[in-house]
Structures are given as C-alpha cells and as structure tokens.
Amino acid sequence: MTGQSHTGNRIAKALSRSGVASRREAERMIREGRITINGQKINNPAINVTDHDHVSVDGQPMRNPEPSRLWLYYKPVGLVTSEKDEKGRPTVFENLPESLPRVVSVGRLDINSEGLLLLTNDGGLKRRLELPTTGWLRKYRVRINGTPKDTDLEPLRCGRTVNNEQFRPMQIAIDKQQRANAWLTIGLREGKNREIRRAMESLDFKVNRLIRISFGPFQLKQLKPGDVEEIRSRVLHDQLGSTAIGKHRN
C-alpha cells in the first residue's frame with residue numbers, strides 16, 4: 001500500500017484537510033474501523049497516504065481538499081476560543097452560523113476580550129499566520145481604569161519582563177481620557193496569553209475592555225458582535241500570495 005510509505009501525509013491529517021473531521025476526531029474514526037485505504041480497513045493513524053491512494057469514509061470516497069478560505073469574525077465577550085470547554089462555558093464554535101464549514105481560529109482571544117478573530121478551513125494557513133516570523137501587527141482598542149501619562153507607558157514601549165516572562169516592545173498611544181477611564185490603542189507583533197492585561201497590571205492599571213481591531217491587513221471595520229464576513233479569494237491572494245494558500249492543507 002502506498003499509504004504506508006514515508007511520503008505523503010498522515011491519514012488523520014488528510015481526513016482533516018478534506019473537511020471530514022478534526023484530526024482528533026479522525027483518529028477516533030480510524031480506531032473505530034470506519035476508514036479504508038485502497039480497500040483495506042485500517043486502525044493505525046500513523047499510516048501515510050498520497051494522492052495515489054483511494055481513501056473511503058464509511059464506505060464513501062473521501063472528498064478532495066477544499067480551497068483555502070478565511071473569515072473575519074467579531075468575537076463577543078463571554079465566549080471561549082476552543083471547540084469544547086471543560087468548564088462547560090459557551091464557545092466560539094458553538095455560536096457560529098450553521099452555514100460555515102468546519103473552521104479553526106487563527107490564535108485566540110480570552111473569554112473577556114472581544115473583536116476580530118480570523119477563522120479558516122485551512123490548518124496550514126492557520127499555522128502560517130500564527131508564526132512569530134510572519135510579524136503581522138495586531139491592534140487593540142483598550143480601556144483601562146486610571147489616568148495614565150504618556151511617560152507611564154514607556155516601559156511597555158521598551159519591552160518589559162513580567163513574572164520572568166519577556167514581553168516584546170508594544171506600540172501604545174493614549175487616545176482619550178473618559179472620566180475615570182482612558183482609551184488606548186496598542187499594537188503587538190506577537191501576542192502571548194493575556195499579554196496586554198498582564199502588562200497593564202504590572203503598571204497598576206486594570207483593563208476593563210479590550211477589543212482587537214485588526215490582525216495584519218485584516219480589519220474589524222463595521223462588524224458587530226457575532227458577525228462573520230468572508231474574505232474574497234482575490235483579496236486573500238493579494239494579501240497572502242499564491243504560495244501561502246491553495247488547496248485546503250491541514
């Protein structure tokens with residue numbers, strides 16, 4: 001069987017990129033004996049397949065990989081960016097329109113944050129956009145409690161260590177003071193878990209609202225919480241280049 005060679009992709013990966021299921025679900029389907037390669041039932045997810053192999057799912061031929069697609073989504077406050085949550089909290093993926101295919105998120109926003117979240121059907125594209133070497137600027141509108149002076153924020157512009165973790169320099173501008181709160185615009189090129197909140201807490205400022213407004217060239221624009229908008233394929237190619245996208249690779 002060519003699928004047992006060292007070329008090609010793992011069968012679970014091939015099933016995932018064709019839109020059958022996530023890799024974890026595909027591995028479960030393999031163990032249940034629902035997948036055949038070239039007419040032979042398999043139970044080992046470590047097998048590789050190539051374009052020359054014939055893969056069937058529950059007796060039906062596996063679909064060809066779908067074209068890469070990308071969506072803008074306004075994540076509301078109160079949703080977890082994961083497929084399932086061990087605490088039973090509502091998730092992003094439970095609240096997406098039923099018309100969307102199976103998608104994954106590019107990065108995350110914590111449960112108390114809102115704004116732009118990129119969604120894609122292409123796991124390879126997801127990983128490419130998440131790489132620190134991509135270097136895309138991510139901008140946030142951030143409301144903090146307090147009356148900061150510009151000099152107060154200078155440590156974050158220079159890079160700061162918080163609890164032995166190094167944060168890269170941030171772009172920060174004070175937009176306006178609104179009674180007891182101040183609105184800032186903050187730009188990051190690599191977002192770590194709750195980075196803005198932790199960085200502000202290190203300066204004794206508490207974040208009480210955080211909205212991501214852009215991720216590289218993609219903008220939140222006029223989207224409202226819960227809205228989803230697909231990026232047109234021409235725009236996707238213009239922004240990412242034909243070498244970065246193509247057939248749905250997971």
Side-chain angles (χ1 to χ4, degrees), residues 1-73 75 79-108 117-131 134 228-234 236-237 240-250:
M1 182 189 300
T2 58
Q4 292 175 319
S5 72
H6 295 291
T7 61
N9 291 310
R10 290 290 175 92
I11 178 60
K13 179 178 179 180
L15 290 165
S16 179
R17 69 181 185 137
S18 71
V20 171
S22 67
R23 286 199 202 183
R24 185 175 298 177
E25 291 167 343
E27 290 175 356
R28 176 179 56 78
M29 294 169 72
I30 291 167
R31 289 191 293 270
E32 291 173 351
R34 297 169 58 187
I35 310 301
T36 62
I37 302 176
N38 301 327
Q40 297 181 26
K41 187 179 294 185
I42 64 165
N43 56 21
N44 180 7
I47 291 175
N48 281 21
V49 292
T50 71
D51 292 341
H52 301 292
D53 290 308
H54 301 286
V55 179
S56 295
V57 180
D58 295 331
Q60 300 298 317
M62 183 178 71
R63 299 189 300 270
N64 289 327
E66 300 172 355
S68 300
R69 300 168 70 186
L70 190 70
W71 289 264
L72 309 177
Y73 170 61
K75 176 201 168 300
L79 298 183
V80 179
T81 312
S82 59
E83 289 195 25
K84 295 181 181 179
D85 182 64
E86 67 280 0
K87 298 180 181 179
R89 296 171 296 183
T91 74
V92 163
F93 300 98
E94 294 168 347
N95 287 271
L96 293 175
E98 293 183 1
S99 59
L100 257 65
R102 190 183 70 83
V103 294
V104 291
S105 66
V106 178
R108 291 173 174 262
L117 187 66
L118 299 181
L119 305 172
T120 180
N121 65 336
D122 185 337
L125 180 58
K126 162 188 165 71
R127 288 187 290 276
R128 181 182 293 270
L129 297 183
E130 289 176 344
L131 286 173
T134 303
V228 180
E229 179 181 303
E230 184 170 4
I231 299 295
R232 287 179 292 182
S233 58
R234 178 180 58 78
L236 196 58
H237 278 84
L240 303 180
S242 57
T243 58
I245 60 176
K247 291 295 185 181
H248 172 18
R249 297 181 292 273
N250 203 0

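Excluded from the calculations below are hydrogen atoms, water molecules and symmetry mates; all remaining heavy atoms, backbone and side chain alike, are included. Remember, it's a predicted structure, so these values are computed and weren't measured experimentally. Numbers for residues simply follow the sequence, beginning at 1.
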Stepwise side-chain contact (heavy atoms from CB on, under 4.5 Å) test for E94 and E83: CA-CA 8 Å; E94 294 168 347; E83 289 195 25; over 6 Å; no
Verdict with reasoning, L70 to L119, per side-chain contact (heavy atoms from CB on, under 4.5 Å): CA-CA 6 Å; L70 190 70; L119 305 172; over 6 Å; no
Determine, stepwise, if the pair L129 / T120 fulfils side-chain contact (heavy atoms from CB on, under 4.5 Å). CA-CA 10 Å; L129 297 183; T120 180; over 6 Å; no
side-chain contact (heavy atoms from CB on, under 4.5 Å) assessment of V57 paired with L15: CA-CA 9 Å; V57 180; L15 290 165; 3.7 Å; yes
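Two residues are said to be in side-chain contact when any heavy atoms from C-beta on lie closer than 4.5 Å; L72 and L117 fail this criterion. The closest side-chain heavy-atom distance from H54 to M62 is not below 4.5 Å. Inter-residue side-chain proximity for I42 and I30 is flagged as met; some heavy-atom pair is nearer than 4.5 Å. With contacts defined as side-chain heavy-atom distances shorter than 4.5 Å, the pair N95/P90 qualifies. Between L118 and W71 there is no side-chain heavy-atom pair separated by less than 4.5 Å. Between I37 and V49, the closest side-chain pair of non-hydrogen atoms falls below 4.5 Å. Contact of the V80 side chain with the R89 side chain is registered, since non-hydrogen atoms from C-beta on lie closer than 4.5 Å. Taking the side chain as every heavy atom from C-beta outward, S105 and F93 approach each other to under 4.5 Å.
Counting only distance, with no hydrogens or angles, the side chain of K75 and the backbone of L79 share a donor-acceptor pair below 3.5 Å. Side-chain N or O atoms of E27 include none that pairs as donor or acceptor with a backbone N or O of P45 at under 3.5 Å. Using a distance-only test at 3.5 Å, with no hydrogens or angles considered, no donor-acceptor pair links the side chain of T36 to the main chain of G39. At distances below 3.5 Å, at least one donor-acceptor pair connects side-chain atoms of R108 with backbone N or O atoms of T81.
Rounding to the nearest 0.5 Å gives a distance of 10.0 Å between CZ of R31 and CG of N43. Note that CG of D51 and CG of N9 are 8.5 Å apart. Values are rounded to the nearest 0.5 Å. Taken from CZ in R69 to CD1 in I231, the straight-line distance is 12.0 Å, to the nearest 0.5 Å. Atom OG of residue S68 and atom NZ of residue K126 lie 14.5 Å apart, to the nearest 0.5 angstrom. Within the model, atoms CZ of R127 and CG of D122 stand 8.0 Å from one another, a figure rounded to the nearest 0.5 Å. Interatomic distance, R102 CZ to L96 CG, rounded to the nearest 0.5 Å: 12.5 Å.
When all heavy atoms of K84 and S82 are compared, the closest pair comes out as O-OG, 3.2 Å. Residue A26 comes nearest to A12 through the heavy atom pair CB-O, 3.9 Å, listed as atom of the first residue, atom of the second, then distance.
Annotation for N44: atom CG counts as buried by contact number, over 12 foreign heavy atoms lying within 6.0 Å. R232 CZ: 12 or fewer foreign heavy atoms inside a 6.0 Å radius.
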